[in-house]
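The basis for the numbers below is simple: all heavy atoms, side chains too, and nothing from hydrogens, waters or symmetry mates. Residue numbers start from 1 in every chain, and the chains themselves are labelled A, B, ... in the order their sequence lines are given, proteins ahead of strands.
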Amino acid sequence: MRNVIAGIDFSAPAHEVAQLLIGTVLLVDGVGGRIVETEAYDREDPASHAFSGPTERNGAMFGPPGHAYVYRSYGIHWCLNFVCREDGHGAGVLIRALEPLAGLERMQQRRDTSDPRLLCSGPGKLCQALGVSHAHNGLALAAPPFSLSARVAPAPLVTGPRIGISKAIEVPWRFGLAGSRFVSRPFR
DNA sequence: CTTAGGATCGCCT
DNA sequence: GGCGATCCTAAGC
């Protein structure tokens, strides 16, 4: 049971973990908020970075579950994933949006905006707001600087196709907190 | 509100 | 050498 963090078993399939993460609170050095949007990248998934096997970049996805996988996107942004599964083939959950709750001032400085809806409404944005970078790749989510807190009650979910990919575009593995104003894009 | 284009560079074929 | 699990801005309707 050492893969359980915030009441979630990270050795479960990514598309299950992605749903359970909605409503939990993620902090990095005390800055963060409620997870309101995730995407699953399971094994055998052509859209996953881990699909073609381990490489130098995706190595963290083949490491222990419950750890961070951080990669650079478009040469500019950082994106944060939670590693899932224990069966030898990497999988993960992309954290796409947070509802800002803690460290608002720090996030506003890093993002250069005071609009709370623009602080963490996208995978690149939330990494900038929380100060996540390659330095966090491979770190355990159960220890500082990370903190993941269990949600109080089950979260009402909405689902849809994943964003920004060209393979397996029909798989409905994007999950959101129903009614949240802090998602990266509306759910249809 | 929706769409289009540019920035920018590490990773993989 | 091509192409992104993105973001921002500007322009069009």
Query raised in the report: Base, sugar-phosphate alone, or nothing: which one does A:R111 contact when heavy atoms must sit under 4.0 Å apart?
Result: sugar-phosphate

Query - Nearest-angstrom distance from the residue atom CG of A:N137 to P of C:dA5 - result: 16 Å

Report task. Identify the nucleotide, in any strand shown, that forms a Watson-Crick or G-U wobble pair with C:dG12, with both distances under 3.5 Å; if there is none, say none. Result -> B:dC1

Report task. Return no unless some side-chain N or O of A:R57 is found under 4.0 Å from OP1 or OP2 of C:dG4. Result -> no

Requested in this report: Could you check whether A:Y41 and the base of C:dA5 form a stacked pair, meaning centres closer than 5.5 Å and planes differing by less than 30°?
Outcome: yes

Query - Pairing nucleotide - C:dC3, Watson-Crick or G-U, each distance under 3.5 Å - result: B:dG10

Query raised in the report: Is the distance from OP1 or OP2 of C:dG4 to the nearest side-chain N or O of A:K167 less than 4.0 Å?
Result: no

Query raised in the report: Does the distance from a Lys or Arg side-chain N to an Asp or Glu carboxylate O, for A:D45 and A:K167, drop under 4.0 Å?
Result: no

Report summary line: 5'-most contact on DNA chain C (nearest-nucleotide basis), A:Y71 vs A:L118, goes to A:Y71

**Report entry** A:W173 and A:H15 aromatic ring geometry - parallel, tilted or perpendicular at 30°/60° bounds
**Finding:** parallel

Query raised in the report: Do A:T113 and A:Q108 come close enough that some side-chain heavy atom pair is under 4.5 Å?
Result: no

Report task. Give a yes/no on whether any side-chain N or O of A:T55 is located under 4.0 angstrom from OP1 or OP2 of B:dC12. Result -> yes

**Report entry** Any A:C79 side-chain heavy atom under 4.5 Å of A:S73 side chain
**Finding:** yes

Query raised in the report: Is there a side-chain polar atom (N or O) of A:H49 under 4.0 Å from OP1 or OP2 of C:dA5?
Result: yes

Report task. Give a yes/no on whether any side-chain N or O of A:R96 is located under 4.0 angstrom from OP1 or OP2 of C:dT6. Result -> yes

Report task. Rounded to the nearest angstrom, tell me the gap between atom CD1 in A:I76 and atom P in C:dA5. Result -> 14 Å

Query - Residue A:Y69, side-chain atoms from C-beta onward, closest of C:dA5, C:dG4, C:dT6 - result: C:dA5

